[in-house]
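For ligands, and for the atoms within them, numbers begin at 1 and follow the listed sequence. In this chain, numbering begins with 1 at the start of the sequence shown.
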Amino acid sequence: MSTFTIDTGTSRATPSPVPGKRMTVPAIRQRKQDGATEHPIVMLTAYTMRMAQLLDPHCDMLLVGDSLGQVIYGLPSTIPVTMEMMCAHGAAVVRGSWHALVAVDMPFGSYEGSPEQAFASAARIMQETGCAAVKLEGGEAMAPTIRFLTERGIPVIGHVGLTPQAVNLLGGYGPRGRDQSEATKIVADASAVARAGAFCIVAEGVMEDIALKIAKTVEPPVIGIGASAECDGQVLVTEDMLGMFERTPRFVKRFDDLASRIGEAAKTYAEEVRSRTFPTPDQTYRPKS
Ligand code: KIV
């Protein structure tokens, strides 16, 4: 059981003892042995230093997802997300974590042009944030890029199935793989990404039988989101699972109802300010007598 010392300058809560070593890419890969993962990999998204601090002790991996476009910036999709956003939030999450492996999403337009473009973008993300890996969306078409990056020292997480950056092509955020040809394509995508060297693969919004097939056939761990409990791990958008939003996809379980709790706290604060019952002497500086 670790305790925390607070650095009042940065509000950084340093665990004591400080975990000796962060989770590594080989350690994540190793979790899947002979096609099975005994201890499922726990992954959540984080975009800020404080959230990273809170999640870090419980997670194997923290993902600085480009979902920050909607969650933090109120954008309509992940498409307008920039490298600057990913680098700033990625660095904050690395500063707020000690134990989990931090991976940062490559934003739309930063990697699809060519493997060389992807290398320049991924190198910038790693240099500016200190993260250990990047994630990029796409299957067979992205395999040469994933190979190019991994052969040059950049660990890559693949992302197949529902790929939100392709929302305009897909026509929405519904689950993928309902018909046989799409199901076959998703399995082929996952195999291509695995063969190209991805050290794990996110499978998002796919029919359960597809997720199971992928998890059974590819070598790297498969992290499900809206996929199957039998995947090698799970990821959710933290704000979704904390109940921060009124509407969430069907595959999200709300582990809390933070939106109403925050609303209640703000309401009580407003009432106390208006009735002058806050602040009390306890929260007021007075000369020492
Ligand atoms: O951007 C994101 O948060 C993601 C996860 C949902 C996997 O890609």
Subject >> Cation over ring face, Arg152 and Phe148, 6.0 Å, 45° >> reply: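 Because its charged atom sits under 6.0 Å from the ring centre and within 45° of the axis, Arg152 does stack over Phe148.
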Subject >> All side-chain contact (heavy atoms from CB on, under 4.5 Å) counterparts of Ala27, not counting sequence neighbours >> reply: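 By the side-chain contact (heavy atoms from CB on, under 4.5 Å) rule, Ala27 matches Met23, Thr24.
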Original post:
For Ser228, which residues count as a side chain to side chain donor-acceptor pair (under 3.5 Å) partner, sequence neighbours excluded?
Top reply: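 Ser228 satisfies side chain to side chain donor-acceptor pair (under 3.5 Å) with Glu208 only.
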Original post:
What's the verdict on side-chain contact (heavy atoms from CB on, under 4.5 Å) for Leu62 and Thr45, showing C-alpha distance, side-chain angles and the deciding distance?
Top reply: CA-CA 6 Å; Leu62 291 174; Thr45 60; over 6 Å; no
Inventory of protein N or O atoms under 3.5 Å from ligand 1 N or O:
| from | atom 1 | to | atom 2 | distance (Å) |
| --- | --- | --- | --- | --- |
| ligand 1 | 1 (O) | Asp66 | N | 3.2 |
| ligand 1 | 1 (O) | Asp66 | OD1 | 3.0 |
| ligand 1 | 1 (O) | Ser67 | N | 3.0 |
| ligand 1 | 1 (O) | Ser67 | OG | 3.3 |
| ligand 1 | 1 (O) | Asp105 | OD2 | 3.1 |
| ligand 1 | 3 (O) | Ser67 | OG | 2.5 |
| ligand 1 | 8 (O) | Lys135 | NZ | 2.9 |

**OP:** Flag the pair Lys32 and Glu219 as a salt bridge only when some basic side-chain nitrogen lies within less than 4.0 angstrom of an acidic carboxylate oxygen.
**Re:**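 So Lys32 does not pair with Glu219 through a salt bridge.
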Original post:
Does anything in residues 104-133 pair up under salt bridge (charged side-chain N to carboxylate O under 4.0 Å, His left out), and if so which pairs, sequence neighbours excluded?
Top reply: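 Residue pairs passing salt bridge (charged side-chain N to carboxylate O under 4.0 Å, His left out), neighbours aside: Glu84-Arg124, Asp105-Lys135, Arg124-Glu128.
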